[in-house]
Amino acid sequence: MQLNDAQQHAAEAGGGPQLILAGAGSGKTRTIIHRIGHLIAANHVAPHRILAVTFTNKAAAELRARLSQLIGDDGGGVVSGTFHAISLSFLRRHAEALGYPKSFQVIDADDQKALIKRLLKARNISSDTLHPGYLLAWIEHCKHAALTADVAEAQAWNDIDMRELYAAYQQELLHHERMDFSDLILNTVRLLKEHADVAALLRARFDHVLVDEYQDTNPAQHMWLQLLCSEHRNLTVVGDDDQSIYGWRGADVRHILDFESVWAGAAVHRLEHNYRSTAAILDLANAVIAGNSDRHIKQLRATRDAGETPFWQICQDEYDEARRISAALRHWHQQGVAWRDMAVLYRTARQSLPIEQMVNEAEIPYRVIGGVGFFERMEIKDALAYWALLHGIADALHLRRIANKPKRGIGAVGEQRIVEMLAVSGMSAADWLDTLADGGVGPSAKLASLARLIGEQRSDAMQQPDMGLGRLLQDCGYLESLQAMGEIEAAARRENIQALQDYIAIAAGEGMTPIEFLDRAALLQSGEQVNRGDGASHNETDGETVSLMSLHRAKGLEFTAVVLSGVEEGLLPHQRSLDEGPAGLSEERRLLYVGMTRAKDYLLLTSARMRRNFGDMQFPQPSRFIAQLAPEILAREAVVAEIANPGTDCELNIGSSVRHPSFGEGVILGVEGAGDAVRVSVEFRNAGTKRLMLKYAALEIISIA
DNA sequence: TTAGTCCAATTTTTT
DNA sequence: ATTGGACTAA
């Protein structure tokens, strides 16, 4: 397909700062691809001197795939990756300027939290005084704003100096030779800012930089780009302020709104034709996003026919919702939509459980994208810790992790003493463990047999990096210790470990070093989880599956048919964001907008009248984002009813507001029966949900939805 | 000092 | 419902 004028202008613009405002479905990926192709073919830029920054690893992979399609030759060596992945590759070469060894590793969220907890415990600060999550969130907040501990604004909580704790946390990380995710960005900024020699090398590395999803960059990333591109100024950013959904991660929409003032002389390109969705879907999405005032006014124009009007289905509870979703998926499948072209999206991960159960029961092949990622699983982290020890690249966190797995009679105190002894020794964890082979002192003596085992197996493992892990886990008793969780659970975990071994084998085949493999594991934390549930019985081809994922994960993707589930007050908008005020609410609305604009042909919204939360039940109102929309743009079940107040027949829809003489105001959630026997379910603001005989209820209509 | 039992807090979203 | 943390027995 040809590019349209705006796309072509953007693709063929020369150097200098370029801002591409690209609405949902406006072909921005194609434009980027063509721009890169044009830079190479017409401007003779060497491919390896082009850097493309994407938001997810998946997007980076997609970019590479499409580049090789366009220009062949494996994309010609164009460098692409996430901010984090690219930062890590910079830091691998230059970390020593910051006092880190080149072999530093990345700490994941779990270990990060454990480290913070130990830090607070060592200072006798209880979690009631200062919640670890709160401290961590504040530190992250500083890092997103590119503020190191020495320049962060002092912050006290219950007389505790959080800035001092931030500094201590960094010290602790450095001591463990680890960086957290935010450090990857922040430390790269420090390299560019504080180390002129390194900065010069990094700046000279690329001639052109392109950034996707620019609306979701935080100040640290913004600074990262400014510092990297300040000389050549060949920076192209692509984004859409209506799709900014990462404010909680420090993203600031102003970066895209203010781009022209930061980069003088920037050219602006607007892609305002939507090629993805039917006009009906786009009308609905536009109606929703129009409710936000803090946005660039823009026209996103449909290029497709009206199509089917999106439907809003109100369900009894989350299981009824899940069943109706399954029915819709089946229906679309009968219409000829492939499973892989359908997605069920939700606000929170826990919503996936009932959906998984019902979809599975309906024998629809599915997969959950996200959730607990492969590399975050306990057994995988354990196995990787053993593997790191085997390859001599383990650190204190690895050793601590497996010290008492399987049980070796080492408890919390013993663990602590082992870590202290290791620190005193001044050796790496792997080297220190080797010295214990002849026996150790105190708790470390309990590691002697493990030390001997590793000593015996190491040389074998070094020669064949893909082998060895399974043998070590078997011989040290780890695999057997899994049995304590029950046969089925243990088998699943052994299978995961087997998958890890296969993964390692592939990586080894590619010539990847052990440290590179750990890097990949750290950056790919959140992989896909394939076919949970009874996948074996469906005999589906790989990839022929419906995707279940969070709204955030759906960013940048498109599907023929989309279900947005749980469109309720408290869930979308989420309660936590409502507590954050108007900015939080705007972001929730954008999230809904992002979800709707994923759909090409069919869109179904569902909400439940009742939802089980922890143990107890909740009765959410329909989401404020859709409750007021006319049935012409969002269809729903309608009932013709004669109501006391107007006295005439009228269409009373789900979502209509009514008043009852004693229960007060409420919203119609459902209708059953016919004629005189029609009963309506009404969610009253102050009186809960009631089922009323329409004929006798004396309802007064406030507004018709 | 460790291991097992009971109780509490937890969940918004991700690199 | 699950999981980490505190408490208690050995």
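So that the names make sense, note that chain A is the first sequence line, chain B the second, and so on, each numbered from 1. This one's a predicted model, so the numbers in the text were calculated from it and none came from an experiment.
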task: Could you check how far CZ of A:Arg590 sits from P of B:dT13, rounded to whole Å?
output: 18 Å

field: Euclidean distance, atom CG of residue A:Asn57 to atom P of B:dT15 [Å, nearest integer]
entry: 7 Å

- prompt: Does A:Ser550 have a side-chain nitrogen or oxygen under 4.0 Å from the phosphate oxygens OP1 or OP2 of B:dT14?
  reply: yes

- request: Please work out if A:Ile410 contacts a base, only the sugar-phosphate, or nothing of the nucleic acid, heavy-atom cut-off 4.0 Å.
  value: sugar-phosphate

- prompt: Of the candidate nucleotides B:dT10, B:dT15, B:dA3, which contains the atom at the shortest distance from the side chain of A:His131?
  reply: B:dT10

task: Measure from the ring center of A:Phe181 to the ring center of A:Phe83 and say whether it is less than 6.0 Å.
output: no

statement: Between CD of A:Glu140 and P of B:dT13 the distance, given in whole Å, is 15 Å

task: Indicate the atoms forming the closest heavy-atom contact of A:Ser103 with A:Glu177, along with that distance.
output: OG-OE1, 4.5 Å

task: List the atom of A:Ala522, the atom of A:Val106, and the distance in Å for their closest heavy-atom pair.
output: CB-CB, 3.7 Å

- prompt: Are A:Phe55 and A:Tyr246 close enough that their ring centres sit under 6.0 Å apart?
  reply: yes

message: Please tell me if A:Arg553 has a side-chain N or O lying less than 4.0 Å from either OP1 or OP2 of B:dT15.
response: yes

- line: Of the candidates B:dT10, B:dT1, B:dT14, the side chain of A:Trp248 sits closest to B:dT14

query: Out of B:dT13, B:dT1, B:dG4, which nucleotide sits closest to the side chain of A:Val413?
result: B:dT1

field: Chi angles and distances behind the side-chain contact (heavy atoms from CB on, under 4.5 Å) call for A:Thr54, A:Glu62
entry: CA-CA 10 Å; A:Thr54 59; A:Glu62 160 119 15; over 6 Å; no

Hey, what are the protein-to-nucleotides 2-10 of chain C N/O distances that come in under 3.5 Å?
from: C:dG5; atom 1: OP1; to: A:Lys117; atom 2: NZ; distance (Å): 3.1

- request: For B:dT15, take OP1 and OP2 only and decide whether either is under 4.0 Å from a side-chain N or O of A:Arg249.
  value: no

message: Taking the cut-offs as 6.0 angstrom to the six-membered ring centre and 45 degrees off its axis, would you call A:Arg553 and A:Tyr346 a cation-pi pair?
response: no

message: Rounded to whole Å, please give me the gap between NZ in A:Lys58 and C1' in B:dT14.
response: 14 Å

message: What is the separation between atom CG on A:Asn218 and atom P on B:dT13, rounded to the nearest whole Å?
response: 19 Å

task: Mark this stacking check for A:Tyr246 against B:dT13 as yes or no, applying ring centres under 5.5 Å and ring planes under 30°.
output: no

message: Please classify the nucleic acid contact of A:Ala349 as base, sugar-phosphate, or nothing, using heavy-atom distances under 4.0 Å.
response: sugar-phosphate

A:Asn404 vs B:dA3: side-chain N/O to OP1/OP2 distance below 4.0 Å: yes

task: Specify the residue among A:Arg576 and A:Gly409 whose closest nucleotide of DNA chain B lies further upstream toward the 5′ end.
output: A:Gly409

field: Option passing ring pair (Phe, Tyr, Trp, His ring centres under 6.0 Å) with A:Trp248 (candidates A:His552, A:His144, A:His574)
entry: A:His552

Separation of atom CH2 in A:Trp224 from atom P in B:dT15, rounded to whole Å: 17 Å

- prompt: Mapping A:Arg408 and A:Thr82 to their closest nucleotides on DNA chain B, which lands nearer the 5' end?
  reply: A:Arg408

query: Between the side chains of A:Asp382 and A:Tyr478, is a donor N or O closer than 3.5 angstrom to an acceptor N or O?
result: yes

message: Output the rounded distance in Å from CD1 (A:Ile369) to P (B:dT15).
response: 12 Å

query: What's the NZ-C1' distance between A:Lys446 and B:dT2, to the nearest Å?
result: 8 Å

